[in-house]
Amino acid sequence: MISVEANPTRDIDNPFLSLEYEPALENLGGDYYDIVEAARFPQQILRFRNDELLPQMGLDPQAVSDRHFIEAFGKFAGRRSFLALRYHGYQFGDYNPYLGDGRGFLYGQIRATDGQLYDLGTKGSGTTPYSRGADGRLTLKGGVREVLAAEALHRLGVRTSRCLSLVETGEQLWRGDEPSPTRSSVMVRWSRSHIRFGTYERLHYLRRFDLIKKLLDAVIEWYYPHVKDTEDPYAAFYEELVRKTAELAAQWMAAGFCHAVLNTDNMSIVAESFDYGPYAFIPTYDLNYTAAYFDYFRRYAYGNQPGICRMNLGLLQEPLQLLIDRTDMEASLSRYDEYYWQQYRDLMLAKMGLVHRPASEANELLKLTLKTLEETQIGYHDFFIRVRSQFSPAWRDSETQILTDIEPFAAWEPWRLLYHRILQSLSNSELEEMGDRLAANNPKTVLLRPEIEAVWQAIDLDDDWEPFADLVRRIRAF
Ligand code: AMP
Ligand code: MG
């Protein structure tokens with residue numbers, strides 16, 4: 001059992017320890033996790049605290065000190081015995097039965113002010129039975145990168161986990177993909193759920209159909225309570241997961257985001273984006289863009305993401321097949337593309353300031369925009385930021401006013417004519433709303449790799465955290 005240490009006088013005022021933790025997963029029983037302890041670190045320096053999340057947790061940011069963060073999420077004082085969750089997964093196509101939380105655990109679950117259940121999960125908190133000889137740690141650079149990805153995706157409207165805290169822990173780590181030794185950290189993640197497709201795959205592998213049913217009932221209770229009123233709640237759950245996963249893939253594509261490691265252990269059962277390793281935002285519209293240096297066959301390339309997610313949903317039918325009719329699941333999966341395109345089109349239209357356009361017109365604009373982005377290889381984000389920054393109601397008067405400085409000018413002429421034709425069909429009030437919509441959907445700060453590297457250089461060379469703090473501020477701005 002997770003327990004509060006007896007008489008923790010120095011923690012008694014810590015708001016994180018007074019939260020009402022709900023042992024939802026813990027109460028399901030020990031078949032789903034191992035009880036683990038957090039590592040003790042030589043040092044704890046708070047490098048990031050996400051005050052935006054505290055009100056959702058029912059906490060007043062003013063009442064939460066840095067010391068509270070460090071005690072709770074750097075020293076892990078006041079609570080102990082955490083849950084390393086068990087899961088397997090298909091990694092780059094191959095089934096791996098040796099996975100599980102190898103460097104993290106479920107710290108606790110709480111009901112947020114929106115009435116929903118949320119997880120506090122760690123990354124870099126020490127070894128577990130699933131560490132497979134590795135150190136159970138997170139590099140500071142990895143932590144910094146995940147904080148930034150989550151904040152940027154959240155700003156872009158992607159359903160994502162967020163980082164609640166990042167604490168530097170004073171150890172030296174050795175990694176093949178970073179100059180080593182490199183600095184260490186522990187992160188706490190705020191997410192709807194850490195239950196993965198791979199959580200079910202493991203139970204199927206073990207032939208524990210009783211545990212699959214128990215888990216699915218719980219998942220429906222916690223995250224999909226509305227499907228209980230339907231004729232076949234299990235089938236309705238799968239249908240909704242298909243739709244939400246398709247929408248998530250569309251959100252990544254519109255955001256120009258390449259997750260990079262879409263193994264089934266990184267696919268959430270609530271279709272929330274999480275676990276950001278070697279991710280990248282695309283510099284230009286290039287469907288082959290691949291973010292992970294070890295992804296030799298471009299399996300998880302930017303443009304493959306919708307198809308990979310669909311395939312992962314197909315794989316999930318294996319563990320669910322005793323509970324849900326396979327034909328029903330196939331029928332749901334056959335609607336994946338429709339859900340995907342609907343969402344992708346709406347999001348791309350919104351990036352161009354538009355909403356509720358006739359389908360044929362929307363399709364034509366989408367096709368032409370993507371074609372021109374691909375042919376010109378202009379910066380993907382830069383293009384939309386230009387539309388946002390230069391837009392003026394005068395664009396409706398003449399197409400010659402639209403993106404006058406874009407290069408090569410002629411290549412954008414067909415797009416300019418079509419966009420102008422659409423603007424001409426808008427009423428004055430619709431035209432006025434465009435400015436706000438363009439700003440909401442196209443943040444001016446883009447998290448391209450050089451930007452992240454510059455922030456990391458300042459930390460690495462001068463221990464200067466101001467560029468990082470500044471980047472977080474700019475990411476959040478409108
Ligand atoms: P990821 O690629 O971060 O999703 O991790 C895949 C698997 O490897 C998960 O089971 C992780 O817990 C595990 N893992 C990754 N890095 C480490 C590490 N440094 N120590 C222990 N386990 C790790
Ligand atoms: Mg993972």
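Atoms within a ligand are numbered from 1 in the order they appear, just like the ligands themselves.
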Next item on the list: For a ring pair (Phe, Tyr, Trp, His ring centres under 6.0 Å) with His259, tell me which candidate from Trp252, Tyr300, Tyr279 qualifies.
Entry: Trp252
Which protein heavy atom lies closest to [atom], and at what distance to 0.1 Å?
atom: atom 20 (N) of ligand 1; result: Gly136 N, 2.8 Å
atom: atom 14 (N) of ligand 1; result: Arg103 NE, 4.0 Å
atom: atom 10 (O) of ligand 1; result: Gly100 O, 2.6 Å
atom: atom 2 (O) of ligand 1; result: Asn266 ND2, 4.6 Å
atom: atom 13 (C) of ligand 1; result: Arg132 NH2, 3.7 Å
atom: atom 1 (P) of ligand 1; result: Asp275 OD2, 3.9 Å
atom: atom 19 (N) of ligand 1; result: Asp135 OD1, 3.0 Å

With a 4.0 Å cut-off on heavy atoms, is [X] in contact with ligand 1?
X: Glu146; answer: no
X: Lys123; answer: no
X: Gly277; answer: no

Margin query: One pair to check against ring-ring contact (aromatic ring centres under 6.0 Å, His included): Tyr90 and Phe197. What are the steps and the verdict?
Written below: CA-CA 9 Å; Tyr90 286 93; Phe197 289 14; over 10 Å; no
[X] bridged to [Y] by N-O distance under 4.0 Å:
X: Asp470; Y: Arg474; result: yes
X: Arg335; Y: Glu330; result: no
X: Lys123; Y: Asp275; result: yes
X: Glu247; Y: Arg243; result: yes
X: Glu168; Y: Arg47; result: yes

Next item on the list: Around the Mg ion (ligand 2), list the protein N/O/S atoms within a radius below 2.8 Å, excluding water molecules.
Entry: Asn266 OD1, Asp275 OD2
Next item on the list: Hey, can you tell me if Tyr224 and His226 have their rings parallel, tilted or perpendicular (30° and 60° cut-offs)?
Entry: tilted
Next item on the list: Using a strict cut-off of 4.0 Å, indicate which atoms of ligand 1 neighbour a heavy atom of Arg175.
Entry: 19 (N)
Checklist line | Which of the ligand 1 atoms, numbered from 1, are nearer than 4.0 Å to a heavy atom of Leu99 | finding: 7 (C), 10 (O)
Next item on the list: Pick out which of Gln56, Glu146, Glu151 makes a side chain to side chain donor-acceptor pair (under 3.5 Å) with Arg162.
Entry: Glu151
Next item on the list: For the residue pair Thr160 and Tyr276, confirm or rule out a side-chain donor-acceptor distance under 3.5 Å.
Entry: yes
Check: So, Tyr380 versus Asp286: side-chain donor-acceptor pair below 3.5 Å or not?
Finding: no
Checklist line | Gly102 N/O to ligand 1 N/O under 3.5 Å | finding: yes
Check: Quick one: does Val261 get an N or O within less than 3.5 Å of an N or O on ligand 1?
Finding: no
Next item on the list: For atom 16 (N) of ligand 1, state whether the nearest protein heavy atom is under 4.0 Å away.
Entry: yes
Decide if the gap between the ring center of [X] and the ring center of [Y] is smaller than 6.0 angstrom.
X: Tyr289; Y: Tyr302; answer: no
X: Tyr205; Y: His88; answer: yes
X: Tyr87; Y: Tyr200; answer: no
X: Phe73; Y: Tyr107; answer: yes

Next item on the list: Determine, considering heavy atoms only, which of Ala134, Gly198, Gly142 sits nearest to atom 18 (C) of ligand 1.
Entry: Ala134
Check: Using a heavy-atom cut-off of under 4.0 Å, does the side chain or the backbone of Arg137 touch ligand 1, or both, or neither?
Finding: backbone
Next item on the list: Report the part of Tyr87 in contact with ligand 1, treating N, CA, C, O as backbone and CB onward as side chain, heavy atoms under 4.0 Å; options are side chain, backbone, both, neither.
Entry: side chain
